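Since the structure comes first, as C-alpha cells, the remarks are kept for the end.
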Amino acid sequence: MSDDVIRIFDTTLRDGEQSPGCSMNIDEKLDVAAALVELGVDIIEAGFPIASPGDFAAVKAVAEKFGDRTTICGLARCRQEDIDRAWEALQHAQKKRIHVFLATSAIHMQYKLKMAEEQIISRTAEMVARARDYCEDIEFSPEDASRTELDFLCQVVETAINAGATTVNIPDTVGYATPSHYYNVIRTLKSQVPNIDRAVISTHCHNDLGLAVANSLAAVEAGARQVECTINGIGERAGNAALEEIVMAIRTRSDYYKVSTRINTPRLVPTSRLVTNVTGMKIQRNKAVVGQNAFAHEAGIHQHGMLQERTTYEIMRPEDVGFVGTNLVLGKHSGRHAFHDRLTSLGYTLDDAAFQKVFEDFIALADKKKEIYDADIVALVDQRSHQVHETWSMVTMHTSAGTGTIPTATIELRHESGETRRDAATGDGPIDAVFVALERVVGLPVKLIEFDVSSVSGGKDALGQVNVTVKVDDRTYHGQGVSTDVIEAAAIAYLQALNKAIAER
Ligand code: KIV
Ligand code: ZN
C-alpha cells in the first residue's frame, strides 16, 4: 500500500466489545462485521479466540464470511496455546492476521508478568516466530508501550520485526500519553530501530484523558501508517480512539496530514447507529461527526452565515458522513414507491422480504402518527433488522395504572411451537408490571441493568424508543423497541432481550 494511505484497523469487535455492557452475540458480531466491510476498513479485529468458545466461534464465523474481502485479525497473548487457537479460528480466511501482544512496561513486567527484560525479549522472538510459521501477516504489540522505557521498547520492536512481525503496534494501553509525548515515541522508533522499514507502525490509543484521537493523529504525523480504533470510540474504560473522528480529521485536514484512508465515509453514520443499537451504548448528542447535533446550527449568527455560504460554519458536509440532508415528511398516503425512495436515500438496501416488513410497520405507524420523519423510518428499519430469533412473540398486552390504583399488566405470548401462555403481574408502575409478567411467562431469572427511554422525533405523537440491558446467568443482553406507546416499546425491548438470552442458552 502506498505510504500516504493510512490503514484503518477496526477493533470494535475485540477491544470495543471488551468494555462493560458492550458484549455482542455472534449474529450481532456478523452484522457489525458486514457493516465494517461496507465501510471499507482495512483490518477487522474480530476477537480474542482463546478467551471463550463464543469468542472463538465469532472470529471463525467472521473470518469465513468476510475473510475474502477484508483482513480478519485474531488476538493472542505471547503463548503457544493462544497463537494456535487464533490460527484455528482464522485459517480459512483468505486474508488473515495474527496479533500477538506482550507487556513491556516495568510496572507490567514486575507485577503482572513477573518477567525480566531478557525473558520478554526471548518470549517475543519465540512467539512471533511461531505465529509467523502459520501466517505471513503478523502484528506485534508491546502492551503499555507508552509507559515503557524507550531504549527497551526499541529493542523489543527490533526483535519482533526480526522474528517476522509485519506490523508493530504501539499501544497507549492506559491512556497515559499526550500528543507530543506519543509523537516522540513514534519518531524515536522510526529513527532508532534499524529494521523499522520492514514493518508498518501502528497506533492504539485509549481515551482515559480524552486524548485518544489527538494522540493517534500525532502518531500519524510522526510516521505511523495504521490506526487502531473503534466505532463510536467504544472500548475499555473511557474507550478507544473513535474511528469516525480519526477518518474525518484525516480527510478534512488532508491539506495538513497529506494522507488519506480508504473509508467510504457516507457509511459512518449508519455504522455508528448499528453499533449503538447492537451494544445499547448511546452516544452523546454533541458527539463529533456522528452525534445528532454534529451539524445542527442553533445560533442566529451561524444560521445567517450558513444561508449565505455553508462553509462559513461547516467544515464537513453532513452527507459526507452519512446524514441525509432533507427531512421529507411522509404520511399515510405516501405509497410504496415514495417509501422505497426514502429508504434508498437514507442508505438502506433491503431485500424484498425485509422491505415488505418495514413497509407494513410504516403503514401501521402512519395510522397512529400524522407525519413520519427520517428518524422514525431509521428507527423502524433498525428495529426490524436487529430482530433476533423469536422463541416467544407478543400476542396481547394490557396494562392498567393510575393514581390510587395498583399498576397491573396482563401478557399473552406465543411460543414458536405454537403454544400460548398468559400471565398477569403487578409492579411499581405499568412498565415494571409488564416486565414481571414477561419474566413469569418466559420463566427466566432476569435482572434489569439499564432502562432508557427517548423520543425518536418531535411532536406529541413521536415514536418512543426504549433500550434495555438485562442480565441473565451473568451475561448481559440488550433489547430495543419502538412504538408510539412507550409501554409497548418497553415490552418489545424487554422481550427482545429475553429472546436473545434464550437463544444463547
Ligand atoms: O490496549 C492495549 O494494549 C490492547 C492490546 C492488546 C493491543 O488492547
Ligand atoms: Zn486496547
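This is a predicted model, so every value here is computed, not measured. Just follow the structure's listing: the first ligand is 1, and inside any ligand the first atom is 1.
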Q. Less than 4.5 Å apart, any side-chain heavy atom of His478 and any of Gln496?
A. no

Q.
Any donor-acceptor pair under 3.5 Å linking the side-chain atoms of Gln480 with those of Asn277?
A. yes

Give a table of atom pairs where an N or O of ligand 1 lies under 3.5 Å from a protein N or O.
| from | atom 1 | to | atom 2 | distance (Å) |
| --- | --- | --- | --- | --- |
| ligand 1 | 1 (O) | His204 | NE2 | 3.2 |
| ligand 1 | 1 (O) | His206 | NE2 | 3.0 |
| ligand 1 | 3 (O) | Thr173 | OG1 | 2.6 |
| ligand 1 | 8 (O) | Arg14 | NH1 | 3.3 |
| ligand 1 | 8 (O) | Arg14 | NH2 | 2.9 |
| ligand 1 | 8 (O) | Asp15 | OD2 | 3.2 |
| ligand 1 | 8 (O) | His204 | NE2 | 3.1 |

Q: For the residue pair Asp84 and Tyr134, confirm or rule out a side-chain donor-acceptor distance under 3.5 Å.
A: yes

(Q) I'd like to know if Glu126 and Arg123 make a salt bridge, using a cut-off of under 4.0 Å between side-chain N and carboxylate O. (A) no

Q: Answer with yes or no after comparing the ring centroid distance for Phe323 and Phe295 against a 6.0 Å cut-off, counting only values under it.
A: yes

Q: Evaluate the ring planes of Phe9 and His99, with Trp represented by its six-membered ring, and classify them as parallel (under 30°), tilted (30 to 60°) or perpendicular (over 60°).
A: perpendicular

Q) Mind counting the protein N, O or S atoms sitting less than 2.8 Å from the Zn ion (ligand 2)? A) 3

Q: Compute whether any side-chain donor of one residue and acceptor of the other, for Ser260 and Arg251, lie under 3.5 angstrom apart.
A: no

Q. Going by the ring-ring contact (aromatic ring centres under 6.0 Å, His included) test, which pairs reach into residues 38-80, not counting sequence neighbours?
A. none

Q) Does anything in residues 247-291 pair up under ring-ring contact (aromatic ring centres under 6.0 Å, His included), and if so which pairs, sequence neighbours excluded? A) none

